[in-house]
Chemist: 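Before we start, here is the structure in question, set down as structure tokens.
Within every chain, numbering begins at 1; the chains are lettered A, B, ... in the order of the sequence lines, protein sequences first and strands thereafter.
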There are 2 protein chains.
Amino acid sequence: MSKRAYHHGNLKQELIDRGLEFIDQNGVESLSMRKLAILSGVSSAAPYAHFKNKKAFLSEVQNYITEQFTDTLQKTYEMCNDRERVLLELGKSYVLFFRQNPLFYSFIFSHGEIDVNYYPPFQMFQHIVREVLNELYGGKIDEQSIYNKTLAMWAMVHGLAQLYTFPAFRTMDNRNMEDKIEDILSSVTI
Amino acid sequence: MSKRAYHHGNLKQELIDRGLEFIDQNGVESLSMRKLAILSGVSSAAPYAHFKNKKAFLSEVQNYITEQFTDTLQKTYEMCNDRERVLLELGKSYVLFFRQNPLFYSFIFSHGEIDVNYYPPFQMFQHIVREVLNELYGGKIDEQSIYNKTLAMWAMVHGLAQLYTFPAFRTMDNRNMEDKIEDILSSVTI
DNA sequence: ATATAATCTTAGCAGCGTTAAGATTATGGA
DNA sequence: TCCATAATCTTAACGCTGCTAAGATTATAT
């Protein structure tokens, strides 16, 4: 594992980690495989022993972020005992994740490869909306209505998440933000 | 104006037009100034007589698209006589614009330069939400509540617009889509 | 111990954004 | 109408990029 070793020992993971860091600070646009390689103390062609091409590399970084994101939402869901507030808390968690790392948002969602119906964060919304509606109106809600309301709520939260990645919203501190997000989300009703 | 003229005559506009076309078909990622120049029948350095750099060029294309988008929304607003449906129609118009040109969405919104408070489409939402609330609850609505509901509605529509640019939603025909969008948007209430 | 596979370096290709220097053409004032 | 100047274009070049081929080095598995 010495610095002068011919074999790096952990290059693949280091490239991913440095990629994450770079995207977080500078965005994908200016990321280059060569820079990442040099940063990792390795020649500029070395990454191609681990990734087919740049696209495949970025795809792995995307998956990594998506996992972190999903875990964050999952923890929020598990930590919330008040069933009336779970949708609100999930929304706040969703928005805050991308506010903390604004450049992740466009990196993840700009290359349109996700199928929403199988996207874990969306499925979580679906699960919760069903819970909420069941509690409100009993068991007699049709599936179409659940799906529509899920889409509506998810779209609102998702749109708000993008909104808060815009520069005009970067000055706020997080305390204020949480309250504002809550006010916005609770200004409409399912 | 002949093809062999040393001076193109209309290069700046042709570059923008071809840029629009290229982004619409292939996305920004694979756009290069050199290709655009060749496509326009001109040497690869010619564009730099009209644009400071690639970023400035893309910025002009962005503005062009945003103008078209704003005009589309404006026309929808003017054509809708039923005041109870104007918010719904605006939302549908918003979503459909980017569904017709999905690659425009990420191109416009992925580089986070817009200030929502001065973004014409957002201002239109604000205007309409104020109208609707005035009609519903009279003139006694506080500004904060209007702003929150505007953000909520805009975020929902904006998020839905992104949703419908994803591949999984590209198979639907437009008739079905309009109905579905309407169902989704009207599944929540202000 | 040795064959094989994995990992890395070096060198090089074509394409990119951009600039400098110079050629060509349009424009406005004498 | 002529001409200086500005606008527009070409050619050539720089350093950067993604990526590949060929070969060097090291790990692994029999």
Chemist: Could you state the atom-to-atom distance from CZ of A:Phe57 to P of D:dC19 in whole Å?
Modeler: 12 Å
Chemist: Can you tell me which nucleotide in C:dG17, C:dA26, C:dT7 comes closest to the side chain of B:Met33?
Modeler: C:dG17
Chemist: Taking atom types as modelled, is there a side-chain donor on B:Asp24 or B:Asn101 under 3.5 Å from an acceptor on the other?
Modeler: yes
Chemist: Measuring to OP1 and OP2 of D:dT26, would you say a side-chain N or O of A:His8 lies under 4.0 angstrom away?
Modeler: no
Chemist: Pick the closest DNA chain D nucleotide for A:Ser32 and for A:Lys52 by heavy atoms, then say which residue is nearer the 5' end.
Modeler: A:Ser32
Chemist: For A:Ala45 and for A:Ala49, find the nucleotide of DNA chain C with the closest heavy atom, then tell me which residue's nucleotide is more 5'.
Modeler: A:Ala49
Chemist: For the pair made of CD1 in B:Ile38 and C1' in C:dG15, what is the distance, rounded to whole Å?
Modeler: 12 Å
Chemist: A:Asn10 CG to C:dT7 P: how many Å, rounded?
Modeler: 11 Å
Chemist: Quick check: are there more than 12 heavy atoms from other residues, nucleotides or ligands sitting under 6.0 Å from NZ of B:Lys180?
Modeler: no
Chemist: Do other residues, nucleotides or ligands put more than 12 heavy atoms under 6.0 Å from A:Glu84 CD?
Modeler: no
Chemist: Within this structure, what is the NZ-to-P distance between B:Lys12 and D:dC9, rounded to whole angstrom?
Modeler: 12 Å
Chemist: Does OP1 or OP2 of C:dC8 have a side-chain N or O of A:His50 closer than 4.0 Å?
Modeler: yes
Chemist: Output the rounded distance in Å from NE2 (A:His7) to P (C:dA5).
Modeler: 15 Å
Chemist: To the nearest Å, how far apart are A:Leu39 CG and D:dC16 C1'?
Modeler: 15 Å
Chemist: Using whole Å, what does the distance between atom P of nucleotide D:dC16 and atom NZ of B:Lys54 come to?
Modeler: 18 Å
Chemist: Quickly work out the A:Leu15 CG to C:dC8 P distance and round it to whole Å.
Modeler: 9 Å
Chemist: Would you indicate which nucleotide in C:dA26, D:dC19, C:dT18 comes nearest to any side-chain atom of B:Asn53?
Modeler: C:dT18
Chemist: Tell me whether the side-chain N/O atoms of B:Ser43 come closer than 4.0 Å to OP1 or OP2 in D:dC9.
Modeler: no
Chemist: More than 12 non-hydrogen atoms from neighbouring residues, nucleotides or ligands closer than 6.0 Å to OH on A:Tyr64, yes or no?
Modeler: no
Chemist: Regarding A:Glu78 and A:Lys75, does a basic nitrogen lie under 4.0 Å from an acidic carboxylate oxygen?
Modeler: no
Chemist: Hey, which of these two, B:Arg34 or B:Leu11, hits DNA chain D nearer its 5' end, going by closest nucleotide?
Modeler: B:Leu11
Chemist: Nearest to the B:Lys35 side chain among C:dC16, C:dC8, D:dA7, which nucleotide is it?
Modeler: C:dC16
